Structure formats: C-alpha cells, structure tokens
Asks: 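What follows is a structure written as structure tokens; I'll ask about it next.
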Amino acid sequence: MSEDLTKTEENANAQASQEAARLGRAYHNKANVNIIVDSCADFAPEVVEALGVEVVSFSFVMGGQEHADDFWKSMSPHDFYERMRAGEVATTAAVTPGHYLEVFERAAQKGTPTIYLAFTRGLSSSVDAARQAADMIHEKYPDFELYVVDNLCPSAAAELLAIEAVHQAGNGLSAKELVEWVEEARYYIQGYFTLDSFDALARGGRIPPAAATVGGKLDIKPELSYDLNGALTLRGMCRGRKKALRAILADFKASHLSEEDLGGTPLPIGVVSADAEKDAKWLVDQLRKEPGCADVPVIYSSVSPVIGAHVGPGMVALAFWGKDRRESLSFTDRIARRVRGKRDESAN
C-alpha cells in the first residue's frame with residue numbers, strides 16, 4: 001500500500017473515531033427500546049460501539065473457509081479486497097431462521113421492546129428468515145414486543161437510518177412509535193455509488209458477463225442507487241471514474257436537504273468505500289465546498305465483506321438525508337404503487 005493511501009486511511013479512521021464519540025454522547029440513550037441491526041449496514045466500528053446496538057453478523061466464505069463479518073477484526077479491508085483483485089471469489093448466504101431465533105430469544109428473555117432493522121429484502125432473503133423467527137418468538141412470548149422492519153436501504157444508508165433511530169428512541173419514542181418513524185424515514189435517505197468494474201455483478205448474475213467485458217474495455221463506470229424496495233437500480237453510465245464520482249456529486253446537490261430544511265441540525269453523511277479511500281476522500285473534499293456542508297459530520301467506513309463480495313473492490317458510496325425518494329417515482333410507477341397498496345389493504 002502506498003504511503004499516500006496509508007495516510008488517507010489514517011485520516012479516515014481518525015474522522016470516524018471523532019464522529020463516533022460525538023454520536024455516542026448525543027445518541028446513546030435508548031433504555032426504552034432495544035434496537036438490533038446487522039452488519040450489512042456497513043457501520044464504522046467506532047459508530048456501532050458508540051450506539052450500543054446489538055449486531056447480527058452475516059457471514060461469507062473465502063478460500064474455502066467461512067468467516068463472520070466482524071467489522072474487520074479478523075481481516076483488514078485492504079487484505080480482503082486485494083484477495084479479490086488477485087482472483088479469489090467470496091460467496092455469501094442468507095442468515096437462517098435458527099440464528100435469528102437465538103438473537104430474538106435473548107431479547108425476549110430481557111423483556112425490553114425490540115426492533116430489528118433488517119437488511120433490505122431487495123438484496124437478501126434474510127429478512128424473511130427473521131420474520132419466521134419473530135413469529136416463533138411471538139408464539140412463545142405472546143406479550144413480548146418484537147418488530148422486524150425492512151430498512152429498504154443498504155450499506156451506509158442503513159447506517160444513517162440506525163443512527164437516527166437510536167436518537168429517536170433516546171428522545172422517548174416507544175417501540176411501536178419508532179417502527180412508524182422508521183417506516184417513513186427510510187424513504188428520506190438517498191444513496192449513490194459507483195464501481196471500479198462490473199466483474200462482481202456479472203459473477204452474481206446481476207448483469208450478463210458480455211456486458212461486463214464490454215464495460216471494462218470501454219472504461220465504463222456505472223452510477224447506481226437503490227429503488228423503493230431496496231434493490232439496485234442503474235442511474236447512468238459514465239466514461240471514466242472521475243465522471244462517475246461527479247455524477248454522484250450532482251445527485252447529492254439535487255437531493256440533499258439543507259440545514260434549514262433539517263430544522264437547524266445537520267445530520268451526518270455516510271461515505272463508504274471498498275479499499276478506495278483516496279476516491280472517498282476526494283468525494284468528501286468536494287462535498288465540503290457545497291453551501292452549508294463545510295461542517296456537516298461525515299462518517300467514513302469500509303464496505304463490509306458481505307456486500308463487497310457482490311460489488312468488488314473499488315466501490316465508493318455516498319449516503320445522506322435528502323428529499324422523499326417516493327417523489328421521484330414516474331407517473332406509471334405511482335399508479336402501480338397505489339394499486340399494490342389497495343391490493344395489500346384488501347388482503348389484510
């Protein structure tokens with residue numbers, strides 16, 4: 001690793017530690033609600049420790065061995081992504097109902113109303129397993145409050161949602177009220193990212209291998225986001241890395257809420273990268289030049305190995321509180337969403 005990259009990593013880690021300390025002082029007060037999250041929120045380790053939430057660790061297989069996503073305690077981000085660059089493949093699997101049952105059983109025995117902010121079903125079936133386990137817990141502990149909520153947003157976006165959920169619990173929201181808050185708030189978190197190559201997406205069957213080959217030869221870099229169901233969506237194709245990063249900046253400018261819109265309190269911005277700290281730092285430097293963003297808290301973290309297995313080294317992502325994503329629906333999508341809503345109401 002180059003000396004410049006090492007310094008960039010050190011600066012990013014120092015920044016994460018500073019923000020974690022601030023978050024801990026402001027948000028670690030949630031005795032009325034037990035909040036459970038999972039490792040696919042790509043938390044900065046310092047942040048998840050400061051928040052005091054329990055984490056369901058997803059797992060991955062690399063080199064024939066199964067590893068728990070332990071926030072890079074067993075393997076550094078650089079080592080993981082260097083192995084991918086060298087040709088090793090990491091695979092993942094959904095969390096089982098049995099694992100969730102153990103987690104929820106411990107919570108039920110303590111008795112504090114509990115919410116699990118689950119990794120979006122748009123990218124994993126694990127939330128279905130969590131709901132199966134929750135049903136079993138409800139049968140055994142009928143008076144225990146347990147809610148499984150699909151966060152509908154991956155990576156750093158889920159991290160921001162969890163941070164503010166802890167804050168709202170500290171402000172006195174009950175578990176039921178917090179569920180209602182999360183189910184509305186999740187649509188106000190924007191997330192945009194780019195990849196260094198299409199190879200990992202092709203291996204996962206998300207794009208044809210031929211498209212990945214052509215994209216590589218033409219130096220095409222995608223800008224991606226996620227839809228209202230939490231699934232990946234393609235925003236555009238850019239010729240070159242810098243243009244892709246600038247496309248992310250353009251979406252930030254178009255959708256970010258000002259401090260005035262947020263009631264005078266700047267909410268943190270999340271930046272994650274898959275061993276691409278230099279580009280992440282460049283992105284933040286550009287954000288700082290935007291009006292009202294000079295002092296906005298920025299949380300740096302590394303893309304977890306579970307998500308990294310599907311996006312590959314070089315991913316850079318930006319997440320922030322912004323405009324209601326439902327407002328960007330096309331006319332026909334709005335109609336379809338209303339039809340689905342009526343269908344769900346009739347089913348209930």
Side-chain angles (χ1 to χ4, degrees), residues 1 5-6 9 12-13 16 36-49 53-106 116-130 132-133 154-156 158-159 162 193 195-207 209 212 232 272-277 280 300-317:
M1 187 184 299
L5 184 55
T6 301
E9 278 189 314
N13 290 336
I36 301 173
V37 297
D38 58 54
S39 59
C40 290
D42 290 352
F43 286 96
E46 300 89 348
V47 169
V48 76
E49 182 179 350
V53 293
E54 182 174 358
V55 182
V56 175
S57 292
F58 280 49
S59 63
F60 65 99
V61 175
M62 193 176 211
Q65 293 185 324
E66 184 174 357
H67 306 266
D69 183 353
D70 60 3
F71 297 104
W72 305 110
K73 293 177 183 176
S74 304
M75 185 188 311
S76 74
H78 181 67
D79 289 342
F80 175 81
Y81 290 110
E82 277 294 279
R83 289 173 66 172
M84 289 194 74
R85 291 184 181 105
E88 285 197 64
V89 175
T91 59
T92 62
V95 179
T96 65
H99 184 71
Y100 281 119
L101 189 60
E102 292 178 8
V103 174
F104 296 159
E105 179 96 33
R106 289 195 300 269
Y116 170 45
L117 302 181
F119 183 44
T120 174
R121 195 181 189 283
L123 296 175
S124 172
S125 62
S126 293
V127 65
D128 295 331
Q132 290 176 37
S155 191
E159 178 184 37
F193 64 99
L195 307 178
D196 196 41
S197 78
F198 294 90
D199 294 345
L201 290 180
R203 281 198 303 271
R206 298 187 183 275
I207 65 170
L232 297 185
V272 294
S273 77
D275 201 33
E277 287 82 2
Y300 290 90
S301 59
S302 292
V303 178
S304 68
V306 173
I307 291 181
H310 298 282
V311 300
M315 171 179 158
V316 176

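Everything numeric here is computed off the predicted structure, so don't read it as measured data.
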Asks: Treating S126 as the side-chain partner and V95 as the backbone partner, does any N or O pair qualify as donor plus acceptor under 3.5 Å?
Replies: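 Yes, because the side chain of S126 sits within donor-acceptor range (under 3.5 Å) of the backbone of V95.
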Asks: Can a side-chain donor-acceptor contact be found between D128 and S125 if the only test is distance below 3.5 angstrom?
Replies: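 No, because no side-chain N or O of S125 sits under 3.5 Å from a partner of the opposite role on D128.
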Asks: Nearest heavy-atom pair of Y300 and A44: which atoms, and what distance?
Replies: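 Scanning both residues completely, I find the closest heavy atoms to be O-CB, 3.3 Å.
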Asks: In this structure, are over 12 heavy atoms from other groups packed under 6.0 Å from R83 atom CZ?
Replies: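 More than 12 heavy atoms, drawn from other residues, nucleotides or ligands, come within 6.0 Å of this atom.
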Asks: For the pair H67 and F60, name the ring-plane relationship: parallel under 30°, tilted 30 to 60°, perpendicular over 60°.
Replies: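 The arrangement is parallel - the two ring planes meet at less than 30°.
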Asks: So which atom in H310 and which in V306 form the shortest heavy-atom distance, rounded to 0.1 Å?
Replies: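 For H310 and V306, the tightest heavy-atom pair comes out as CD2-O, 3.1 Å.
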Asks: Only one of D70, D69, V37, V103 passes side chain to side chain contact (heavy atoms under 4.5 Å, CB included) with V55; say which it is.
Replies: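 So the option named by the test is V37.
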Asks: Could you check whether any side-chain heavy atom of L232 comes within less than 4.5 Å of a side-chain heavy atom of F193, counting everything from C-beta outward?
Replies: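 Yes, at least one pair of side-chain atoms sits under 4.5 Å.
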Asks: Search all heavy atoms of D196 against all heavy atoms of P313 and return the closest pair with its distance.
Replies: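 Heavy-atom minimum between the residues: CB-O, 3.5 Å.
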Asks: Just wondering, do M62 and F80 contact through their side chains at under 4.5 Å, heavy atoms?
Replies: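 F80 reaches M62 side chain to side chain.
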Asks: Taking all atoms of both residues into account, what is the closest heavy-atom pair of E277 and S302, and its distance?
Replies: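 Result for this residue pair: OE2-OG, 4.3 Å.
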Asks: Of the non-hydrogen atoms in V303 and W72, which two are nearest, and what is the gap between them?
Replies: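 Closest heavy-atom pair between V303 and W72: O-CZ2, 3.0 Å.
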Asks: Taking the side chain as every heavy atom from C-beta outward, state whether V48 and V53 have any pair of such atoms under 4.5 Å apart.
Replies: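 Sidechains of V53 and V48: in contact.
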Asks: Just so I know, are the side chains of F119 and S39 near enough to count as touching, which here means a heavy-atom distance under 4.5 Å?
Replies: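 The answer is no; the side chains never approach within 4.5 Å.
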Asks: Can you tell me how far apart CE (M84) and CG (D79) are? Round to the nearest 0.5 Å.
Replies: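 Nearest 0.5 Å value for the CE-CG distance: 14.0 Å.
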Asks: Among residues at least two apart in sequence or on other chains, which ones pass salt bridge (charged side-chain N to carboxylate O under 4.0 Å, His left out) with E82?
Replies: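 Scan of E82 (salt bridge (charged side-chain N to carboxylate O under 4.0 Å, His left out), adjacent residues dropped) gives R85.
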Asks: Kindly give the heavy-atom pair with the smallest separation between F58 and C40, and that separation in Å.
Replies: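 Looking at all heavy atoms of both residues, the shortest contact is CD2-SG, 3.6 Å.
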Asks: Kindly indicate whether the side chain of D38, heavy atoms from C-beta on, has any atom under 4.5 Å from the side chain of Y116.
Replies: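 Yes; the side chains approach each other to less than 4.5 Å.
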Asks: Between S155, S301, S273, which is the residue that forms a side chain to side chain donor-acceptor pair (under 3.5 Å) with D42?
Replies: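 Of the listed residues S155, S301, S273, the side chain to side chain donor-acceptor pair (under 3.5 Å) partner of D42 is S155.
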Asks: If the condition is side chain to side chain contact (heavy atoms under 4.5 Å, CB included), which residues does A156 pass it with, not counting sequence neighbours?
Replies: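 A156 satisfies side chain to side chain contact (heavy atoms under 4.5 Å, CB included) with E159, V272, A319 once adjacent residues are dropped.
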